[in-house]
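Heads up: the structure comes next, in structure tokens.
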Amino acid sequence: MLGRTARLLLSVVMLMAATVTGVVATAGTAHADGCYTWSRTLSQGASGADVTQLQIRVAGYPGYGGVLAIDGDYGPATTAAVKRFQAAYGLTADGIAGSATFSKLYALQDDDCTPVHFSYSELNDCNTTWAGGAVDAATAKANALRTMWKLEAMRHALGDQPITVTSGFRSYACNDAVGGASGSRHLYGDAADLGAGPHSLCKLAQQARNHGFNGILGPGYPGHGDHTHVDHRASRYWSASQCGI
């Protein structure tokens with residue numbers, strides 16, 4: 001009788017332990033975020049919309065001169081970017097996106113999916129619709145979101161000091177009004193002009209090389225003596241001769 005009682009008590013204890021363990025194991029995926037919530041651990045070989053969402057947020061960590069493809073495939077480049085993101089925030093840099101990585105991303109994003117230190121209004125002082133540019137409004141806004149996450153990575157690398165955006169998306173009308181180039185990347189929503197502040201324009205241009213910007217124009221490039229320009233053009237073009245670029 002005592003043996004049966006002991007076995008019954010042991011079974012109850014094991015069941016309770018398993019229940020608690022299950023709660024702990026799923027705690028990372030139970031988080032409800034106002035923007036986006038990941039429901040599984042991601043690692044190399046995974047694919048899907050959740051990988052795309054992760055790539056948007058770690059695209060600012062491709063390494064010097066790199067550009068991370070936002071393609072929904074968790075390959076070596078995404079693994080490397082996740083490792084750099086994890087290392088930047090003091091997490092275990094294993095390239096696997098689990099609860100600790102997602103928790104940091106949740107802390108870094110607002111409910112509209114923008115990073116906490118940048119906003120859509122900063123990236124568009126032209127209009128409220130994102131229309132009238134070289135791409136449709138939804139694409140322009142999505143491009144601006146990717147720019148913001150790259151700038152968030154750049155801001156963190158520069159000691160979490162503010163970065164001032166002086167110009168972002170422009171419609172054709174807004175671009176003409178400021179004398180922008182006819183093929184300006186601002187028309188696509190994927191460009192940002194940065195003003196001097198805690199960091200010099202050259203420091204901004206130099207740092208941008210590490211954060212996934214194919215286009216970098218700064219002091220020494222015609223018309224860029226008062227700002228540093230970054231964008232997502234298809235191929236690399238860096239020119240800021242006064243900054244050694």
Side-chain angles (χ1 to χ4, degrees), residues 35-36 38 40-98 100-109 113-118 120 123 135 138-158 160 163 165 168-169 185 188-192 194 204-217 228-238 245:
C35 165
Y36 185 85
W38 285 271
R40 60 171 177 158
T41 295
L42 299 174
S43 59
Q44 191 162 320
S47 63
D50 50 0
V51 176
T52 299
Q53 291 295 325
L54 175 65
Q55 289 171 327
I56 290 170
R57 289 156 180 76
V58 301
Y61 293 89
Y64 181 92
V67 177
L68 181 64
I70 312 298
D71 57 8
D73 290 325
Y74 204 121
T78 298
T79 299
V82 170
K83 285 182 178 179
R84 293 187 186 98
F85 171 83
Q86 291 167 330
Y89 284 98
L91 306 176
T92 299
D94 57 8
I96 299 171
T101 299
F102 296 141
S103 291
K104 175 51 65 176
L105 290 172
Y106 296 143
L108 286 173
Q109 69 184 12
C113 300
T114 60
V116 291
H117 297 108
F118 297 93
Y120 282 118
L123 271 290
V135 293
T139 299
K141 191 173 183 179
N143 286 342
L145 181 64
R146 297 182 183 188
T147 298
M148 283 186 271
W149 278 102
K150 293 184 179 185
L151 290 176
E152 184 71 26
M154 185 169 156
R155 184 186 190 279
H156 183 60
L158 289 171
D160 287 312
I163 290 177
V165 178
F169 167 76
R185 296 306 307 182
Y188 297 81
D190 68 8
L194 312 177
L204 294 170
Q206 291 160 354
Q207 187 64 42
R209 297 174 294 181
N210 300 303
H211 300 290
F213 292 109
N214 259 340
I216 303 174
L217 306 174
T228 288
H229 168 100
V230 294
D231 66 51
H232 305 326
R233 66 188 66 196
S235 58
R236 184 189 299 180
Y237 188 81
W238 296 350
I245 299 174

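Heavy atoms only: backbone and side chains are in, while hydrogens, waters and symmetry mates are out.
- Using a 4.5 Å cut-off on side-chain heavy atoms (C-beta onward), Y237 and L217 make contact.
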Listed pairs under 3.5 Å, donor-acceptor, residues 73-83 side chains, sequence neighbours left out:
unit_1: Y74; atom_1: OH; unit_2: G95; atom_2: O; d: 2.6
unit_1: T78; atom_1: OG1; unit_2: Q55; atom_2: NE2; d: 3.0
unit_1: T79; atom_1: OG1; unit_2: Q44; atom_2: OE1; d: 2.9
unit_1: T79; atom_1: OG1; unit_2: G75; atom_2: O; d: 3.1

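- Among residue pairs with one or both ends in residues 62-72, none qualify as salt bridge (Lys or Arg N to Asp or Glu O under 4.0 Å); sequence neighbours excluded.
- The aromatic rings of H156 and Y89 lie parallel to each other, with less than 30° between the two planes, well short of the 60° mark.
- For residues 42-53, the pairs satisfying salt bridge (Lys or Arg N to Asp or Glu O under 4.0 Å) are R40-D50, with sequence neighbours left out.
- Rounding to the nearest 0.5 Å gives a distance of 12.5 Å between CG of L151 and NE2 of H117.
- With R236 contributing its side chain and G65 its backbone, the two residues share a donor-acceptor pair below 3.5 Å.
- Taking Q109 as the reference, D33, R57 meet the side-chain hydrogen bond (donor to acceptor under 3.5 Å, both in side chains) condition, with sequence neighbours excluded.
- To the nearest 0.5 Å, atoms CH2 (W149) and CG (L108) are separated by 5.5 Å.
- Atom CZ of R84 and atom OH of Y61 lie 11.5 Å apart (nearest 0.5 Å).
- In this structure, CD1 in I70 is found 9.0 Å from CG in L54, a value given to the nearest 0.5 Å.
- The CD1 atom of I216 sits 10.5 Å away from the CG atom of L204 when rounded to the nearest 0.5 Å.
- In this pair, Y106 and F102 present their aromatic rings tilted. The plane angle is within the 30 to 60° band.
- Between W238 and G215, the shortest heavy-atom distance links the atoms CD1-C, 4.3 Å.
- With sequence neighbours left out, the side-chain hydrogen bond (donor to acceptor under 3.5 Å, both in side chains) criterion links T52 to no other residue.
- Every residue meeting the ring pair (Phe, Tyr, Trp, His ring centres under 6.0 Å) condition with F213, not counting sequence neighbours, appears here in chain and number order: H232.
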